Amino acid sequence: MEINWNEIENKWRTKWKESKDFETNPNEKPKKFITVAYPYPNSPQHIGHGRTYTLADVHSRFYRMKGYNVLFPMGFHYTGTPVLGMAKRIQAGEKEILDGLRNVYHVSEEDIKTFVEPIKIADYFHEEIKSGMIEMGYSIDWRREFTTIVPGYQKFVEWQITTLKENNKIIQGSHPVGWCPVDQNPVSQHDTMGDVEPKIDDKNFLIKFVLDEFIFPVTTLRPETIFGITNLWINPNVLYKKVSVDNEVWIVSEDCAKKIAFFEKDVSVIGEIPGNQIIGKYAKNHDGRKIPILPAEFVEPSMGTGLVMSVPAHAPKDYQALMDLKVNNHELASKIEPIPIIVTKGYGEYPAKEICEKLGVDNQSDEKLEEATKELYLKEFTDGKLNEKCDKFNNEKVQFGREKIREWLEGNNHLEKFPILENAPVRCRCGAECVVKILNNQWFLNYGDEKWKELARNCFDEMNILPNNIRTEFKEVIDWLHERACARQQGLGTKLPWDKDWIVESLSDSVIYMSYYTISRFVNDGTVTPDNLTREFFDYVLLNKGDVKSAASVSNISEGIVKMIKNEFDYFYPVDSRHSGRDLVQNHLSFFVLNHVAIFEKKFWPQEIVVNGSVMMDGVKMSKSMGNIIPLRTAIKDHGADPIRLAIISSAELLQDADFNMDSVSGIQNKLESLLEECSRLKNNPINELEIEDKWILSKTQNKILEITEAIQKMRLREALHDILFTFETDLNWYAKRTQAKGRKDVSGILHQINSIRVAMLSPFAPHIAEEMWSKLKNSGLVSKSSWPKYSKERVDATAIQSEDLLKSTIEDITNILKVTKISPKKIVLYVNSDEMKSKIYHKMLNIMVGGQNNMGVVMKELIADPQTTDAKKMPNFVQKTIKDLHSESEEIKAMKLESTEFNEKEFLSSELTSIGKKEFDVDIQVFSASDEDIYDPKEKAKHARPFKPAILIE
RNA sequence: GCGGGAGUCGCCCAGCCUGGUCAAAGGCGUAGGGUUUAGGACCCUAUCUCUCAGGAGUUCGUGGGUUCAAAUCCCACCUCCCGCACCA
């Protein structure tokens, strides 16, 4: 049967829409508030984006069927800069981006023309993404939709950021950023040529020496080496500048003078001095020692200050430069000996000397020096220890000592940060070369605050995190977080209420917005206007601060409306489940928790976080440049929404990266088609007296309900789906075999019942086709509104399960013998145990072993201790073999056997095995009890029979 | 460096949290059979080694340990992947 997916899906979507099933208001039922990180609309969503939303939708639909009042809303995050960069590139007519829009995203020329305006881009993709979400069948309450630049939301963010500031969570400070000197703006990846992120290295430092009336600053990555300094290097061929910096005068290279002008310092060049005029002078270090200044050509004026300090014991370049001078009998240099300050395993006193000799370095322009430097720096950093020359830092490991020395020097005004562009040169789109600028008036959220962190930890401790093994990662993130800039100078968004030069940064205006979903529907339907959303209003509704009277009067709305909105918030909050991709663990999800604990009282703290991995396409990462992006809507059109949903879910468990491929989609299509076909065939006939296999399959169905429900609760959707679609099939196949062998024609009613349960459980995963199946089964109403199948232990028939199990294992044994012996059977005879003592011992052993005990000694001891079974010591062989039998059985079966009532093996096998055995092996099967008078037992097999393990004779 | 994660029977990948149901699911590949005018698609069977009686042996990166029992817990080591910020 060919399925027209789009047609079926459309049909059911219309039904859902008409019945307003997903529009959720407070009612008397328990609620679940499930949210997903809203999308940033600068491209259509592809299959990868679909994953998080699909998982959340399954989650929502599941709880809806479980009887909860589920709110699943959606918004759109316009805040940020990427569309600005896009608009600029489109304005400039850049071929790459235009081709992408045309060929990958299929945007019409007309629409592209409007894209010179950033908001038009966002608007376009907003609609595009929304359509895709609807087509995927997401059960979203669209009445609550908003974008982050609508006035109501901005009011909310203003309130949020003001509240944070008043709670002392926001501080001002300095921060280095990538900066375009021409545009006078910070640059991010989207603003640069080739889309490179300007990387700032802030592990670079400037150390001040004093040379007469001047400051002689050098730059270094290793502040700890000041203890091993022997001299300073200057390039004799460079013309240095005398520069007034605040109230000091520095000698630096011209390049450096330009850089520090962006460090919020007062900088002006007041003179110059050739490098060779400084050679031979002395500069004083932090403890007043006089350090000679020597010439070295490797010193580059573009690096740092253009001046370098020399640590010949540990820096290969310094060592080699010193050697070069000594070879030329430089007078000053010949008196200098390296001062070792770090002890490292595997190296002697002078590591730099050793490594230069090992690599065969010739002179200071030797390329091998780079390699030597890299190797030694790393080794000394990871393994090295500071020695007694380092004064109070003696014995510190370099990794920790470096930081301490830095702090100490900085405290004494001998050291400053000197951030550099790690991946220079980075060019702005305007063509200018970017620099590092230090902003002194940047606003930060003070995530480094220990008290704040502690609150967040409390929240995490009580929160459900799925999968749980990502919990440690959150702990680490909280430990590691520190101040984070929360405002920037460009992009879409909300202005800082107290400093209108700044816009609230996009990761800071998206942390507690879930609460706004409880308000947005009243803004959207006109109950309130953005002007009504005053501070007093939010304080009352969200924080229960103040009283309804003044909140209403200040906001200029009725008390009834304020109460109604507060009621809505109180009903839906807190967030019961927050879904997001794993890439947001380090930022959004952690900020989400931090901001909630900073603003809301404890009962409104988030309850659960669900994190999922990303999606690969045929085993490789999806990327525009690879051209392997499939827009979600295209995929839906080609394959149907449900097959895509299932393919995404079935390809990986939560945190795993899912590998999406078209083979699995068509496999799923086939599966669903045959299931639909079966549903059309099944009649809801009355069910007659149940036979043993009926009881078995119904019991199995109960077990499946239990397993699947538990799996979904843990968001192990892949496992659940797999059970619904495939594992179920194994049991149904066995059932079919059994009923066919018996020639039964009356099973349609039972299969109808089982498949109804199956379809109901499939419904959250593949909602459209499940509706279709449900209607083909002629069940009433919508399956999405039916209730989730309930597990009841009473409906599990332990005897049926153990007897079917006996049947299966007996057939397996016969097959096994046939396989090994390669004989074709003419006659099969079974002998079941009839020894009462064996049965008694067997039961006793079940009792002993059901908890997992399987030690022969222990089992035997317990058997002998019981007078009923003390005879067990006469048959150790039997006990040992039985231990093996039971050992290889599942706990579930063991428990079943223990539970089940008296069971007659012979009767069961002779009535049931004959039919199925005939079908399987095409011979008649005879069953004897070992004690039967008329037994046919030419090979004396009967005595080997054990309970649930009949002896077998094949001729 | 700091932090997180992974290494499973030809390949991909489940199992590990909660030890025994594990020679270890599923998919691909391969082999044999069926169906088909052919290609394709589909169905059945087999797929660590040995074994003519339902059995035995050796496996889950390497080496140790805990335990009656380890793919699963602990320790060490090797290899690989990812994140480190003001960016959504």
Side-chain angles (χ1 to χ4, degrees), chain A residues 37-43 77 79-83 175-178 186 188-190 197-200 203 378 381-382 398-400 402 439 442-445 447 467-470 472-477 479-488 491 505-508 510 581-588 613-614 619 650-653 655-657 659 661 663-664 666-667 670 714 718-719 722 726-727 730 809-810 812-823 849 851-859 884 886-894 939 941 944 949-954:
Chain A
Y38 47 24
Y40 182 79
N42 71 333
S43 64
H77 199 198
T79 312
T81 54
V83 285
H175 183 66
V177 295
S188 63
Q189 188 174 350
H190 316 281
E197 175 85 35
K199 283 200 156 181
I200 292 166
K203 299 274 184 291
L378 188 63
F381 180 72
T382 53
V398 173
Q399 322 184 16
F400 309 115
R402 171 179 299 174
L439 297 175
Q442 174 65 278
W443 293 99
F444 293 91
L445 276 161
Y447 291 139
N468 193 42
N469 54 7
I470 206 158
T472 50
E473 207 168 321
F474 277 111
K475 281 218 161 100
E476 290 303 326
V477 173
D479 285 349
W480 159 86
L481 273 172
H482 49 85
E483 306 76 36
R484 185 190 165 93
C486 63
R488 50 181 317 171
E505 179 267 339
S506 57
L507 276 167
S508 304
S510 59
R582 124 158 264 176
D583 48 334
L584 298 188
V585 166
Q586 314 213 355
N587 40 58
H588 167 74
S614 62
S650 71
S651 59
E653 213 54 90
L655 212 50
Q656 196 91 34
D657 286 344
D659 188 8
N661 57 69
D663 288 348
S664 62
S666 63
N670 290 338
K714 290 184 193 153
R718 169 199 166 113
E719 187 182 314
H722 201 266
F726 302 104
T727 320
T730 317
S809 67
T810 308
E812 206 173 283
D813 282 350
I814 298 173
T815 314
N816 235 326
I817 297 171
L818 291 176
K819 188 181 142 195
V820 180
T821 57
K822 297 190 185 91
I823 52 179
M849 290 179 65
Q853 176 60 259
N854 74 337
N855 181 290
M856 173 82 180
V858 175
V859 173
K884 264 195 181 166
L886 288 174
H887 172 62
S888 65
E889 272 173 8
S890 68
E891 281 294 314
E892 182 201 358
I893 289 285
K894 273 186 261 183
K939 293 208 172 158
K941 294 274 183 192
H944 297 300
K949 193 79 178 169
I952 299 167
L953 170 70
I954 300 177

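Quick caveat, the model's predicted, so the values are computed rather than measured.
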Participant: Sort me out a list of protein N/O and nucleotides 14-17 of chain B N/O pairs below 3.5 Å, or just none if empty.
Facilitator:
| residue | atom | partner | partner atom | Å |
| --- | --- | --- | --- | --- |
| B:A14 | OP1 | A:Gln656 | OE1 | 2.4 |
| B:A14 | OP1 | A:Gln656 | NE2 | 3.2 |
| B:G15 | OP1 | A:Arg716 | NH2 | 3.3 |

Participant: Would you give the length of the straight line joining atom CG of A:Asp813 to atom NZ of A:Lys949, rounded to the nearest 0.5 angstrom?
Facilitator: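 The CG atom of A:Asp813 sits 4.0 Å away from the NZ atom of A:Lys949.
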Participant: Listed by chain and number, what are the side chain to side chain contact (heavy atoms under 4.5 Å, CB included) partners of A:Ala485, not counting sequence neighbours?
Facilitator: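 Side chain to side chain contact (heavy atoms under 4.5 Å, CB included) list for A:Ala485, sorted by chain: A:Gln442, A:Phe444.
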Participant: Would you mind reading off the distance between A:Asp813 atom CG and B:A53 atom P, rounded to a whole angstrom?
Facilitator: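 Going from CG in A:Asp813 over to P in B:A53 covers 14 Å.
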Participant: Output the rounded distance in Å from CG (A:Asn587) to P (B:A88).
Facilitator: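 Value for this atom pair: 11 Å.
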Participant: Calculate, to the nearest 0.5 Å, the distance between atoms CD and CH2 belonging to A:Gln586 and A:Trp480 respectively.
Facilitator: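 So the CD of A:Gln586 and the CH2 of A:Trp480 are separated by 5.0 Å.
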Participant: With respect to the side chain of A:Leu507, which nucleotide from B:C87, B:C84, B:G4 is positioned closest?
Facilitator: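 Selected nucleotide: B:C87.
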Participant: Nearest 0.5 Å please: distance from the CD atom of A:Glu476 over to the CD1 atom of A:Ile470.
Facilitator: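 Rounded to the nearest 0.5 Å, the CD-CD1 separation comes out at 12.5 Å.
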Participant: Regarding A:Ile470, tell me which of base, sugar-phosphate or nothing describes its non-hydrogen contacts under 4.0 Å with the strands shown.
Facilitator: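 No contact at all - A:Ile470 keeps every heavy atom at 4.0 Å or more from the nucleic acid.
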Participant: Pick the nucleotide of RNA chain B nearest each of A:Ala951 and A:Ser506; which residue has the one closer to the 5' end?
Facilitator: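 Whichever sits nearer the 5' end wins; that is A:Ala951.
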Participant: Can you name the side chain to side chain donor-acceptor pair (under 3.5 Å) partners of A:Asn587, sequence neighbours left out?
Facilitator: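 Once residues adjacent in sequence are excluded, A:Asn587 has no partner under the side chain to side chain donor-acceptor pair (under 3.5 Å) criterion.
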Participant: Using a 4.0 Å heavy-atom cut-off, does A:Ser510 contact any base of the nucleic acid, only the sugar-phosphate backbone, or nothing at all?
Facilitator: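 No contact.
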Participant: For the pair made of CG in A:Leu481 and P in B:G4, what is the distance, rounded to whole Å?
Facilitator: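 Checked: the CG to P distance equals 15 Å.
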Participant: Between C1' on B:C87 and NE2 on A:His588, what's the gap in Å once rounded to a whole number?
Facilitator: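 Spelled out: NE2 on A:His588 to C1' on B:C87 is 15 Å.
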Participant: For A:Phe474, what residues pass the ring pair (Phe, Tyr, Trp, His ring centres under 6.0 Å) criterion, not counting sequence neighbours?
Facilitator: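 In terms of ring pair (Phe, Tyr, Trp, His ring centres under 6.0 Å), with neighbours along the sequence ignored, A:Phe474 is linked to A:Phe460.
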Participant: Say you pick atom P in B:A23 and the same atom in B:G64; how far apart are they, in whole Å?
Facilitator: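 Per the computed distance, 23 Å lies between those P atoms.
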Participant: Regarding A:Ile814, tell me which of base, sugar-phosphate or nothing describes its non-hydrogen contacts under 4.0 Å with the strands shown.
Facilitator: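 Since no nucleic acid heavy atom lies under 4.0 Å of A:Ile814, the category is nothing.
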Participant: If the C1' atom of B:G34 is compared with that of B:A56, how far apart are they to the nearest Å?
Facilitator: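 Nearest-Å result for B:G34 against B:A56 at atom C1': 35 Å.
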Participant: A:Phe474 has an atom CZ; how far is it from atom P of B:G83, in whole Å?
Facilitator: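 Spelled out: CZ on A:Phe474 to P on B:G83 is 17 Å.
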Participant: Would you kindly give the NE2-to-C1' distance between A:His77 and B:C87, to the nearest whole Å?
Facilitator: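 From A:His77 NE2 to B:C87 C1': 12 Å.
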Participant: How far does the P atom of B:G65 sit from the matching atom of B:A24, given to the nearest Å?
Facilitator: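 My reading of the P atoms in B:G65 and B:A24 gives 28 Å.
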Participant: Would you kindly give the OH-to-C1' distance between A:Tyr447 and B:C84, to the nearest whole Å?
Facilitator: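 Nearest whole value for this atom pair: 17 Å.
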Participant: Can you tell me how far the OG atom of A:Ser510 sits from the OH atom of A:Tyr40, to the nearest 0.5 Å?
Facilitator: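 Nearest 0.5 Å value for the OG-OH distance: 12.0 Å.
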Participant: Mind checking what makes side chain to side chain contact (heavy atoms under 4.5 Å, CB included) contact with A:Glu719, not counting sequence neighbours?
Facilitator: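 For A:Glu719 the side chain to side chain contact (heavy atoms under 4.5 Å, CB included) partners, ignoring immediate neighbours, are A:Glu653, A:Ala711, A:Arg716.
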Participant: Pick the closest RNA chain B nucleotide for A:Phe444 and for A:Gln586 by heavy atoms, then say which residue is nearer the 5' end.
Facilitator: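 First, find each residue's nearest nucleotide; the 5'-ward one identifies A:Gln586.
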Participant: Which part of the nucleic acid, if any, lies within reach of A:Pro41 when heavy atoms closer than 4.0 Å are counted: base, sugar-phosphate only, or nothing?
Facilitator: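 Counting heavy atoms under 4.0 Å across all strands, no contact is made by A:Pro41.
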Participant: Could you work out the separation of B:G27 and B:U47 based on their C1' atoms and round it to a whole Å?
Facilitator: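 Roughly 14 Å separates the two C1' atoms.
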Participant: Rounded to the Å, how far apart are A:Glu473 CD and B:C2 P?
Facilitator: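 So the two atoms are 17 Å apart, to the nearest Å.
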Participant: Where do A:Ile954 and A:Ile952 land on the side-chain contact (heavy atoms from CB on, under 4.5 Å) test, with the steps shown first?
Facilitator: CA-CA 7 Å; A:Ile954 300 177; A:Ile952 299 167; 3.8 Å; yes
Participant: Would you say the side chain of A:Arg488 and the base of B:C86 hold a donor-acceptor pair, judged only by whether the two atoms sit under 3.5 Å apart?
Facilitator: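 Between B:C86 and A:Arg488, which were checked side chain against base, a qualifying N/O pair under 3.5 Å is absent.
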Participant: Can you give me the dot-bracket string for RNA chain B, 5' to 3', counting Watson-Crick and G-U wobble pairs with both distances under 3.5 Å, using [ ] for crossing pairs and | for partners on another strand?
Facilitator: ((((((((.[[[..)....(.....]]]((((((.......))))))(((....)))...[[[[[..)....]]]]])))))))....
Participant: Using OP1 and OP2 only, check whether a side-chain N or O of A:Thr81 sits under 4.0 Å from B:A88.
Facilitator: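 Answer is yes, contact under 4.0 Å.
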Participant: Pick the C1' atom in B:A71 and in B:A14, then give their distance to the nearest Å.
Facilitator: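 Here B:A71 and B:A14 have their C1' atoms 12 Å from each other.
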Participant: P atom, B:G40 versus B:C28: distance in rounded Å?
Facilitator: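 Their P atoms lie roughly 16 Å apart.
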Participant: Of all the heavy-atom pairs spanning A:Thr810 and A:Pro950, show the shortest one and how long it is.
Facilitator: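 A:Thr810 and A:Pro950 have their closest heavy atoms at OG1-CG, 3.9 Å.
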Participant: Using the C1' atom in both, what is the distance from B:G63 to B:C81, to the nearest Å?
Facilitator: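 That atom pair is separated by 24 Å.
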Participant: Between B:U8 and B:C22, how far apart are the C1' atoms? Round to whole Å, please.
Facilitator: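 Each nucleotide's C1' atom is 12 Å from the other's.
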Participant: Out of B:G54, B:A53, B:C86, which has the shortest distance to the side chain of A:Lys949?
Facilitator: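 Of the options given, the side chain of A:Lys949 lies nearest B:G54.
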Participant: I want to verify a distance call: between B:C86, B:G4, B:A88, whose nearest atom is closest to the A:Arg582 side chain?
Facilitator: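 Selected nucleotide (nearest to the side chain): B:G4.
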Participant: If you round to the nearest 0.5 Å, how far is OG1 of A:Thr79 from CZ of A:Arg488?
Facilitator: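 Taking CZ in A:Arg488 and OG1 in A:Thr79, the distance rounds to 11.5 Å.
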